[in-house]
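What follows is a set of notes on a single structure, which appears directly below.
The structure displayed is predicted, hence computed values, not measured ones. Numbers restart at 1 for each chain; the letters A, B, ... are given by sequence-line order, proteins then strands. No hydrogens, no waters, no symmetry mates; every other heavy atom, side chains included, goes into these values.
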Amino acid sequence: MPELPEVEVVRRGLETWVAGREIASAEVLHPRAVRRNTGDLADLLVGRTVVSAERRGKYLWLPLQDAGSPVEDALMAHLGMSGQLLMIEPKEPAEKHLRVRIGFADGGPELRFVDQRTFGHLLVSPLSVRPSRTVPEPIAHIAPDPFEESFDDAEFAIKIRRRQTGVKRALLDQSLISGVGNIYADEALWRARLHWARPTETLTGKKVAELLAAARSVMTEALGEGGTSFDRLYVNVNGESGYFDRSLAVYGRRDEPCPRCGAPVRRDAFMNRSSYSCPKCQPRPRNGRW
DNA sequence: AGTCGGCCCTGCGAGC
DNA sequence: TGCTCGCAGGGCCGAC
């Protein structure tokens, strides 16, 4: 699925293409795409104007304005494993996995939610005003992502070292740090020379700082390349894919040489998916944790 | 309360 | 060619 850099690419596109436009229609083609809504999507959206495009971690949302009223709700999106938000001319034929289409009063390009695996969804929800930041209520419990002002490095270090788990599982826990998924977790761990099963309680403060710096640098570089894509499943709002997969050190590179030491990259099964690491740079710890 | 496994889906490529 | 299997970038929920 799109992780933080890919979602940020989509957010930027949405900001350009839908901010300031009034919604005129909403059509749901697959119920799973709107499964968390309590009402009819069109009833919730039509007549409201998109204010901007916001993001925390892997979640996107479009704050909605009713004429003359304060902004209290947002259309939130999570892309899941295969979701895309595309700007398409209304006359263009439907994509095979088109789930929702949202039209605008100006008759210009419509917003289409296309999602092969239907893990993603759209949800209209109230915004929750917090001292640090206003976010949609359903994601008020997830942590800031490491590019937000409100992300507190020292607090993160304390929290992760209190966990009784493996460092990769902790990195993927969106309530501890948001935005990091399987690809960037593996890449950040490789940069910080940490094995994925390293018990979090054995991490030093210095190592946690290194890991955070690695996560930030790899995601910043990926954003600069337009994100990571192995196929056509991840694209920006214009349907273009990024190139960062060419810059990955270990992810998806089983048996290829580690760019640092040349040892063949190893793949381990992990939480029903994969973990890639260098056996020399990232030795398996004794008493490793999943 | 914190931790962890199972499960929600569809499609694609590898191997037989 | 056609089947089955394993795998895919996530997160929610229930069981301990």
Side-chain angles (χ1 to χ4, degrees), chain A residues 1-10 29-36 55-60 76-85 95-99 113-123 136-143 145 158-189 196-197 199-201 215 218-219 222-223 225-236 241-248 250-255 267-276 288-290:
Chain A
M1 115 154 194
E3 302 181 32
L4 187 155
E6 294 74 37
V7 177
E8 175 60 15
V9 171
V10 174
L29 295 102
H30 195 301
R32 258 182 71 79
V34 294
R35 59 191 177 273
R36 295 178 69 189
R55 182 189 57 74
R56 164 169 280 183
K58 305 169 195 172
Y59 287 87
L60 284 165
M76 188 179 82
H78 193 287
L79 302 177
M81 298 277 253
S82 55
Q84 306 173 338
L85 286 168
E95 292 76 8
K96 182 172 181 190
H97 301 294
L98 179 61
R99 308 306 190 194
F113 180 60
V114 176
D115 187 13
Q116 178 201 105
R117 293 177 67 189
T118 70
F119 281 24
H121 66 279
L122 303 183
L123 173 62
E137 257 169 25
I139 61 163
H141 68 287
I142 78 164
D145 69 54
I158 291 167
K159 281 186 175 173
I160 195 172
R161 293 169 67 192
R162 267 190 211 142
R163 290 287 176 101
Q164 305 271 309
T165 190
V167 63
K168 180 167 175 183
R169 194 181 258 275
L171 272 183
L172 296 178
D173 183 341
Q174 305 295 300
S175 67
L176 189 58
I177 176 172
S178 65
V180 181
N182 206 34
I183 296 178
Y184 298 113
D186 279 3
E187 293 296 308
L189 290 167
W196 52 264
T200 46
E201 66 268 31
V218 71
M219 290 195 288
L223 185 56
E225 298 284 322
T228 300
S229 174
F230 300 107
D231 48 38
R232 305 275 136 45
L233 278 189
Y234 161 68
V235 292
N236 67 19
S241 45
Y243 294 103
F244 192 69
D245 56 306
R246 298 170 195 180
S247 309
L248 296 172
V250 287
Y251 188 86
R253 303 200 183 280
R254 162 138 71 161
D255 295 334
R267 176 196 175 275
D268 299 309
F270 171 85
M271 289 171 70
N272 280 334
R273 23 189 118 115
S274 300
S275 261
Y276 296 91
R289 288 178 184 275
W290 286 52

Presence of A:Gln164 side-chain N/O under 4.0 Å of B:dT3 phosphate oxygens OP1/OP2:
no
Between B:dT10 (P) and A:Leu98 (CG): distance, integer Å
16 Å
Provide, to the nearest angstrom, the distance between the CE atom belonging to A:Met76 and the P atom belonging to C:dG11.
11 Å
Sticking with atom P, work out how far B:dG6 lies from C:dG6, rounded to a whole angstrom.
15 Å
Which whole-number value in Å describes the distance from A:His141 NE2 to C:dG11 P?
9 Å
For B:dC9 versus C:dC3, give the span between their P atoms, rounded off to a whole number of Å.
24 Å
Output yes when A:Asp115 and A:Arg32 qualify as a salt bridge under the 4.0 Å nitrogen-oxygen rule, no when they do not.
no
Round to a whole Å and report the spacing from CZ of A:Arg117 to P of C:dG10.
10 Å
Charged N-O contact under 4.0 Å between A:Glu3 and A:Lys58
no
Quick note, A:Phe119 side chain, CB onward, closest among C:dA8, C:dG10, B:dT3 is C:dG10
Does a salt bridge link A:Asp255 with A:Arg267, judged by any charged N lying under 4.0 Å from a carboxylate O?
no
Think A:Ser274 has a side-chain N or O under 4.0 angstrom from the OP1 or OP2 of C:dA8?
yes
Which whole-number value in Å describes the distance from A:Asp173 CG to C:dC12 C1'?
12 Å
CG on A:Asn182 to OH on A:Tyr276, rounded to 0.5 Å:
8.5 Å
Which whole-number value in Å describes the distance from A:Leu176 CG to B:dG2 C1'?
12 Å
Could you check how far CZ of A:Arg273 sits from P of C:dC7, rounded to whole Å?
13 Å
Using whole Å, report how far CE of A:Met271 lies from P of B:dG6.
12 Å
Of the nucleotides B:dC9, B:dT3, C:dG10, which has the atom closest to the A:Thr118 side chain?
B:dC9
